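To start, the structure itself, in structure tokens.
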Amino acid sequence: MKRLTLFALAITLIATVFAAKSPYQAVLQHSRIRGRTHGPNVCAMQKIQGTDKKYFTNCKQWYHRKICGKPTVISYECCPGYEKAIGEKGCPAALPLANIYKTLGVVGATTTKMYSERAKLQEEIEGPGSFTFFAPSNEAWAALPTEILDALVSNVNIELLNALHYHMINRRLTSDDLKHGSSFSSMYQDFDVHIHHYSNGIVTVNCARLVKTDQHATNGIVHVVDKVITAITNNVNSLIDTDDDLDTLRTAVAAAGLTNLLENQGTYTIFAPTNEAFEKIPPETLTRILGDPVALKDLLNYHILKNLHCSESIVAGTPLETLQGSVLEVGCNGAEMTINGKAIVMQRDKLGTNGVVHYINELLIPDSAKTLLELAEGSVVTTASKLFKDAGLTDHLIGSEAVTLLAPLDDAFKDKSLAMTPDMKKLLRNHILKERFSSKSLYHGQELETLGGLKLRVFVFRNNLCIENACIAAHDKNGRYANMFIVDKVLAPPMGTVMDVLKADDRFSTVVGAIQRAGLTELLNKKGTHTFFAPTNAAFSAMPPADLNKLMREPKELANLLKYHIGDEFLVSGAVTSHTRMKPLAGDKLELGTRNSTIYVNRVPVVEGDLMATNGVVHAVNVIIKPLPPKIVSDQAEGSTIRRTSAVRAGTHGMKNDDLFQKVLRSQSSKAMSRVQ
């Protein structure tokens, strides 16, 4: 107990230490842990294959060995502030302190060091002071467009010096001081540099990632960054307002009344659709949205994230909330930034004083700005969408009616005739509810009226929410005026009682006669919630003729057998899980399960399910159902094995001891069931 207490205390102390660290320091610590087998002060780094990009590793990246969906190679390097010593393992030696100018060479920022000398900055960063220098890496300078670099270095006394001063702050700031959302005055006309310290350990300054941090110097500290940064003077609305590629977006922002939002203080991320993105949308859709203030505002807010996310902060797919209220999956695939899995970002990290703009070449339309038809056509219910149009129901799908569409999955039509008959048209009308519902507001026993005049029942199960036989298979799709429920089956509204269902199907002629002989007609006609696993004619035909004739002459025994096939609750196939039990009207429990989309009851497959009735549901079986054999449970106790047999309990009328029923269970129908298994 004492050891457990000490262990718990140690875990608590470790958790406290990690909780106190910044995200960057936590990731750095994880990299240290992964590198400790190589010696002191060794950090594990993950390099994306085929690139020069390296990252300190967090736990998830370490085990997945991927960043931005691309495989990584592990390397081991000295942690920040340390170097190797000849003849010793790891990186035991602290880097010698020197001034910032010399430190630039030590950390590999030799191009910045060269330009500092050319711009007459060397004397300043060699002298007294306490500076923070965000030093661009050699690769960052090489990545600058030639015309920009030429403009900087052609007038070294002004432009280059100003650019370098913008990378400097007149105080020492370690990575712990670089808080998320903070800003610091630079040494170039006090223009701010903007810091973002993300939960995944990535730290950026003006969207440039810090690739080497906390390189201490006698007169300050150096952080190496992967981009050359420039002064930020305009808000995101000004960025949009002055770019000809965003003319349509600018007009839409003004029409939606969002100009003030984008001018005010904030930390937004704007996925800005270009003119080309708007042109890709069907003209009638674009005209409808631009002419609808509510839909237009939802559309634009769907392009705005609540928080600022530079592209370098994204190392894996992450759901991020928009101002519209739903989320976008923002991720990356190698060097490409992705939205909802699509590489549609053309230009990244155009930073403003109150946010960042990423240009996209595809318009993002939220469900809340779509009609029912648009919701259906862009999802997994395209077959249903076509059928609704063929049935002449388009006006209900594109108008402003407050309705709810029950849209079956494409797979639901796999074995069904798609001919547009009068019955099919009537059935499709019954897939549209007269009111706009949310699935969260539905309750057990509720009745929902359709355009066709039927009232559909709601059934709430432990694992599913169903409307008649069709269970909701996905989250609600909430459109501009109407909602859509994606369901797993085509609706089969009840056409009568259980007896009516059986009489209408020639496969059940034998069981209909048996029900009448057993005196169960009234039970299956009156109000109730029964589940009947109804034996087909084939099930009875599999019995020896003599046994079948005898059974039909014994109403009491016949009633017991039939009652063993009738559950005392309502259960559609969508409510059956791998271990579902049901109490029959006579006999021991029925064991239900599902395998390869087939429902089994006591290991007997259901050949057709969900024949809906007003007082229950019928599932057809081709085999007479019998009780499962007793279960044998073995327990180990003091070296001996104790066996317990759970015998099948008798039904209310002594079914277990009835000789005739046992003959039924041993008949050819039971053997047929074994063959099916």
Side-chain angles (χ1 to χ4, degrees), residues 15-32 43 45-46 53-61 67-68 79-81 107 131-137 140 166-186 191-216 220-230 232 236 265-269 305-316 318-321 330-332 337 348-358:
T16 302
V17 169
F18 271 91
K21 291 180 180 293
S22 68
Y24 167 77
Q25 288 294 337
V27 171
L28 178 62
Q29 181 64 20
H30 182 269
S31 290
R32 280 180 175 274
C43 284
M45 304 288 291
Q46 284 187 264
K53 299 188 76 168
K54 293 181 181 180
Y55 297 81
F56 292 114
T57 178
N58 62 32
C59 190
K60 184 176 181 180
Q61 291 167 355
I67 294 176
C68 282
C79 297
V107 299
F131 308 114
T132 297
F133 201 150
F134 296 106
S137 65
Y166 185 64
H167 289 74
M168 295 177 62
I169 296 168
N170 198 12
R171 56 183 286 199
R172 183 190 300 262
L173 296 170
T174 67
S175 60
D176 280 342
D177 298 318
L178 302 178
K179 306 296 184 184
H180 188 67
S182 58
S183 298
F184 300 96
S185 296
S186 73
F191 282 125
D192 283 346
V193 295
H194 303 274
I195 306 297
H196 290 90
H197 194 144
Y198 298 95
S199 59
N200 59 6
I202 301 292
V203 184
T204 63
V205 51
N206 286 23
C207 287
R209 180 169 68 95
L210 276 62
V211 293
K212 291 183 180 179
T213 58
D214 297 329
Q215 306 292 335
H216 290 271
I221 193 167
V222 175
H223 305 290
V224 180
V225 296
D226 68 352
K227 292 186 184 73
V228 177
I229 62 175
T230 55
I232 307 301
V236 292
Q265 286 188 342
T267 53
Y268 302 117
T269 299
L305 302 181
K306 288 186 173 181
N307 297 300
L308 192 151
H309 289 274
C310 299
S311 63
E312 287 292 342
S313 72
I314 305 298
V315 293
T318 308
L320 300 174
E321 189 174 0
V330 181
C332 50
M337 189 176 184
R348 300 179 287 184
D349 298 328
K350 197 164 184 180
L351 194 64
T353 55
N354 59 344
V356 65
V357 178
H358 306 297

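Because the structure is predicted, anything quoted here is derived from the model rather than measured.
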Please name the pair of heavy atoms, one in [X] and one in [Y], separated by the smallest distance, quoted to 0.1 Å.
{"X": "Leu308", "Y": "Thr269", "value": "CA-OG1, 3.2 Å"}
{"X": "Glu312", "Y": "Ile202", "value": "O-CG2, 3.7 Å"}
{"X": "Cys79", "Y": "Arg32", "value": "SG-CG, 3.6 Å"}
{"X": "Leu178", "Y": "Ile195", "value": "CB-CG2, 3.6 Å"}
{"X": "Thr353", "Y": "Ile232", "value": "N-CG2, 3.5 Å"}
{"X": "Thr204", "Y": "Cys310", "value": "OG1-SG, 4.0 Å"}

When rounded to the nearest 0.5 angstrom, what distance separates [atom1] in [X] from [atom2] in [Y]?
{"X": "Asn58", "Y": "Leu28", "atom1": "CG", "atom2": "CG", "result": "12.5 Å"}
{"X": "Ser186", "Y": "Ile169", "atom1": "OG", "atom2": "CD1", "result": "7.5 Å"}
{"X": "Arg172", "Y": "Asp177", "atom1": "CZ", "atom2": "CG", "result": "10.5 Å"}

Does a side chain donor of either Ser22 or Asp176 reach within less than 3.5 Å of an acceptor in the other side chain?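 There is such a pair between these side chains.
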
His194-Ser183 side chain donor-acceptor pair, cut-off 3.5 Å: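 On atom types as modelled, these side chains qualify, holding a pair under 3.5 Å.
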
Do the non-hydrogen side-chain atoms of [X] and [Y] ever get within less than 4.5 Å of each other?
{"X": "Asp192", "Y": "Phe184", "result": "no"}
{"X": "Val315", "Y": "Gln61", "result": "yes"}
{"X": "Asn206", "Y": "Tyr166", "result": "yes"}
{"X": "Thr213", "Y": "His223", "result": "yes"}
{"X": "His30", "Y": "Thr57", "result": "yes"}
{"X": "Pro80", "Y": "Lys212", "result": "no"}
{"X": "Tyr55", "Y": "Asn200", "result": "no"}
{"X": "His358", "Y": "Arg348", "result": "yes"}

Are any side-chain N or O atoms of [X] and backbone N or O atoms of [Y], one a donor and one an acceptor, separated by less than 3.5 Å?
{"X": "His180", "Y": "His197", "value": "yes"}
{"X": "Thr132", "Y": "Arg171", "value": "yes"}
{"X": "His196", "Y": "Val205", "value": "no"}
{"X": "Asp349", "Y": "Ser311", "value": "yes"}
{"X": "Asn354", "Y": "Val236", "value": "yes"}
{"X": "Thr318", "Y": "Ala316", "value": "yes"}

Does Tyr198 have Arg209 sitting over its ring (NZ/CZ under 6.0 Å from centre, angle to axis within 45°)?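 No.
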
Hey, can you tell me if His167 and Phe133 have their rings parallel, tilted or perpendicular (30° and 60° cut-offs)?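 Tilted.
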
Set of residues satisfying salt bridge (Lys or Arg N to Asp or Glu O under 4.0 Å) with respect to Lys306, sequence neighbours excluded: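 Here the qualifying residues are Glu321.
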
Report the residues that fulfil side-chain contact (heavy atoms from CB on, under 4.5 Å) with Cys332, sequence neighbours left out, ordered by chain and then residue number.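 Here the qualifying residues are Cys68, Ile314.
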
